[in-house]
Amino acid sequence: MQIGLMFEGQDGLNWEHWKNVLEVADTTGYQSVWRSDHFTNAQGEVKDALELWTSLTYAAANTENIEFGPLVTPITFRHPGLLAQYAASVDVLSEGRLILGMGTGWQDREHEAFGIHFPALSERYERLEDGLEIVTRLLRTEGAVSYEGKHYSLSDAHISMKRTDTRILIGGNGPNKTLPLAAKYADEWNAVYLGYDDWQERNDLLNGYLEEQGRDAGAVKRSLMIRCIYGDDATVAKALENSSRSKEELQASGYVIGTGAEMVDIIGKWSDLGLERIMLQWIGYDDIDGIANMANEVLPHFAD
């Protein structure tokens, strides 16, 4: 089991926070660091929102051990040709530690605020499929690429500075749209907030879609992003004081909540089900000691 940290970049993330969390993650044994790609938070007072690709460039140049990437970048924000350029450059700089996470996008507030077209979900899926076709061709083809899509196109586009093995992650739980795209294009499928039973169901569906594509079940890594709360009973109770579900109910559905020992048990169950990577959504950029202490208590149980 690979254990990473996930941070919500729109929820107050700034350069000081980013430098601190990267340093502690890179030196205490976490396998990866992930962050959302948003220009603003969905509601309430607007907070600091560190731009994704500048932050990933910093991560590439200032860490040595961790993998990292967007979880996930919306297809609506950037032309996929530009997205492939950014990913290729950062992956070369990091010597292959970038995983490019892609998805449809969902937040209307940021699109309206920054004047970005926000089509219906059905069109966003069309755009995502165009984008995946363009990104995979640009990253994995040696020569020039031309492509005529419904929403995005290329004409003799060529990226020479690249690795040709940049990994692509597709995030989302959709059984009818997301999973077929993951089976066709992805190196990794990332589920979001699913419980044990729902994850198993989606995992089986993905295996079926992979068979239809003529791909082996092992061709796509299985990962999950889920909420993490680390600490004693008082710490967890305070974090859940506005939650409609108790600590025990959340633990029973797979949320990684509790003491280090409790977290080890929960992550162990996920591992037994076949999950290969878990991204622990950490809220609270100032609690660097908590991240380090959790590493000491939890990570040795899953070290390779």
Quiz item: Ignoring hydrogens and geometry, is there a side-chain-to-backbone donor-acceptor pair from Ser94 to Asp91 under 3.5 Å?
Solution: yes
Self-check item: Salt-bridge contact Asp37-Arg78 (side-chain N to carboxylate O under 4.0 Å)
Solution: yes
Quiz item: Just one of Leu5, Leu22, Ile99, Val90 clears the side-chain contact (heavy atoms from CB on, under 4.5 Å) bar with Phe68, so which one?
Solution: Val90
Exercise. Check whether more than 12 heavy atoms from other residues, nucleotides or ligands sit under 6.0 Å from atom NZ of Lys177, and answer yes or no.
Key: no
Practice problem: Would you mind reporting whether Thr40 and Gln10 have side-chain heavy atoms less than 4.5 Å apart? | Solution: no
Practice problem: Measure from the side-chain N and O atoms of Gln31 to the backbone N and O of Gly4, and report whether any donor-acceptor pair falls under 3.5 Å. | Solution: no
Quiz prompt | Arg222 side-chain N/O to Val220 backbone N/O, donor-acceptor pair under 3.5 Å | solution = yes
Quiz item: Do Glu23 and Lys19 meet the salt-bridge criterion of a basic N to acidic O distance under 4.0 Å?
Solution: no
Quiz item: Quick one: does Met279's side chain get under 4.5 Å of Ser223's, heavy atoms only?
Solution: yes
Practice problem: Hey, could you give me the CG/OH distance between Leu224 and Tyr193, rounded to the nearest 0.5 Å? | Solution: 10.0 Å
Quiz item: Under a single-linkage rule joining Ile, Leu, Val, Met, Phe, Trp and Tyr whose side-chain heavy atoms are separated by less than 4.5 Å, which residues share a cluster with Val46?
Solution: none
Exercise. State whether the number of non-hydrogen atoms from other residues, nucleotides or ligands found under 6.0 Å of Gln200 atom CD is greater than 12.
Key: yes
Quiz item: Side chains of Ser36 and Glu8: donor-acceptor distance under 3.5 Å anywhere?
Solution: yes
Exercise. Taking Trp18 for its side chain and Ser55 for its backbone only, find out whether a donor-acceptor pair lies under 3.5 Å.
Key: yes
Quiz prompt | Contact check, side chains of Ile288 and Val21, non-hydrogen atoms, under 4.5 Å | solution = yes
Exercise. Identify whether Val24 and Ile3 are in the same connected component of the hydrophobic contact network (ILVMFWY, side-chain heavy atoms under 4.5 Å).
Key: yes
Quiz prompt | Distance, nearest 0.5 Å, that separates NZ of Lys221 from CZ of Arg167 | solution = 6.5 Å
Quiz prompt | Under 3.5 Å: donor-acceptor pair, side chain of Glu110, backbone of Phe39 | solution = yes
Quiz item: Hey, is CD on Gln43 packed in by over 12 heavy atoms from elsewhere, all under 6.0 Å?
Solution: no
Quiz item: Going only through I, L, V, M, F, W and Y residues with side-chain contacts under 4.5 Å, is there a path from Leu128 to Ile116?
Solution: no
Quiz prompt | Point-to-point distance, once rounded to the nearest 0.5 Å, from NE2 of His151 to CD1 of Ile134 | solution = 11.0 Å
Quiz item: Do Ile168 and Arg140 pass the side chain to side chain contact (heavy atoms under 4.5 Å, CB included) test, and can you show the C-alpha distance, the side-chain angles, and the key distance before you say yes or no?
Solution: CA-CA 11 Å; Ile168 294 174; Arg140 294 169 183 171; 3.9 Å; yes
Practice problem: Run the salt-bridge test on Glu67 and Arg277 with the 4.0 Å N-O cut-off and return the result as yes or no. | Solution: yes
Quiz item: Within the side chain of Asp108, is there an N or O that forms a donor-acceptor pair under 3.5 Å with the backbone of Glu112?
Solution: no
Exercise. Decide yes or no for Tyr285 and Asp11: does some side-chain heavy atom of the first lie under 4.5 Å from some side-chain heavy atom of the second?
Key: yes
Exercise. Please tell me if the side chains of Leu100 and Tyr86 come closer than 4.5 Å, counting only heavy atoms from C-beta onward.
Key: no
Quiz prompt | Heavy-atom donor-acceptor pair, Arg124 side chain to Thr76 backbone, under 3.5 Å | solution = no
Quiz item: Hey, what do you get for CG (Leu169) to CH2 (Trp34), rounding to the nearest 0.5 Å?
Solution: 5.5 Å
Self-check item: Co-membership, hydrophobic cluster, residues Val264 and Met1, 4.5 Å side-chain
Solution: yes
Exercise. Report the relative orientation of the aromatic rings in Trp199 and Trp189; use parallel for angles under 30°, tilted for 30 to 60°, perpendicular for over 60°.
Key: parallel
Exercise. Assess whether atom CG of Asn62 is packed by more than 12 heavy atoms of other residues, nucleotides or ligands within 6.0 Å.
Key: yes
Exercise. Examine the side chains of Thr63 and Arg97 and answer whether a donor and an acceptor come within less than 3.5 Å of each other.
Key: yes
Quiz item: Arg227 versus Leu250: any side-chain heavy-atom pair under 4.5 Å?
Solution: no
Quiz item: Would the number of heavy atoms belonging to other residues, nucleotides or ligands and lying under 6.0 Å from CD of Glu51 be above 12?
Solution: yes
Quiz item: Any donor and acceptor pair, going by atom type alone, linking the side chain of Asn65 with main-chain N or O of Asp26 inside 3.5 Å?
Solution: yes
Exercise. Check whether any side-chain N or O of Lys162 sits under 3.5 Å from a backbone N or O of Thr141 as a donor-acceptor pair, and report yes or no.
Key: yes
Quiz item: Is any side-chain heavy atom of Asp265 closer than 4.5 Å to a side-chain heavy atom of Gln251?
Solution: no
Quiz prompt | CD/Glu241: more than 12 non-hydrogen atoms of other groups inside 6.0 Å | solution = yes
Exercise. Check whether Ile283 and Met225 end up in the same hydrophobic cluster, where Ile, Leu, Val, Met, Phe, Trp and Tyr are linked by side-chain heavy atoms less than 4.5 Å apart.
Key: no
Quiz item: Roughly how far, to the nearest 0.5 Å, is OG1 of Thr104 from CE of Met102?
Solution: 11.0 Å
Quiz item: Without hydrogens or angle criteria, can the side chains of Asn20 and His17 be said to hold a donor-acceptor pair below 3.5 Å?
Solution: no
Practice problem: Applying side chain to side chain contact (heavy atoms under 4.5 Å, CB included), run through Cys228 and Met6 and close with a yes or a no. | Solution: CA-CA 9 Å; Cys228 163; Met6 189 274 177; over 6 Å; no
Quiz item: Do the rings of Tyr152 and His79 sit parallel, tilted or perpendicular, given the 30° and 60° boundaries?
Solution: perpendicular
Exercise. Mind running ring-ring contact (aromatic ring centres under 6.0 Å, His included) on Phe114 and Phe77 for me, showing each step along the way?
Key: CA-CA 10 Å; Phe114 287 90; Phe77 282 178; 8.7 Å; no
Self-check item: Hphob cluster co-occupancy, Trp106 + Ile226, side-chain heavy atoms under 4.5 angstrom
Solution: no
Quiz item: With distance as the sole test, does Tyr209 use its side chain to make a donor-acceptor pair with the main-chain N or O of Pro175 at under 3.5 Å?
Solution: yes
Self-check item: Residue pair Asp130, Glu133: steps toward the side chain to side chain contact (heavy atoms under 4.5 Å, CB included) verdict
Solution: CA-CA 5 Å; Asp130 266 357; Glu133 193 68 37; 5.7 Å; no
Exercise. Kindly indicate whether the side chain of Leu181, heavy atoms from C-beta on, has any atom under 4.5 Å from the side chain of Thr178.
Key: no
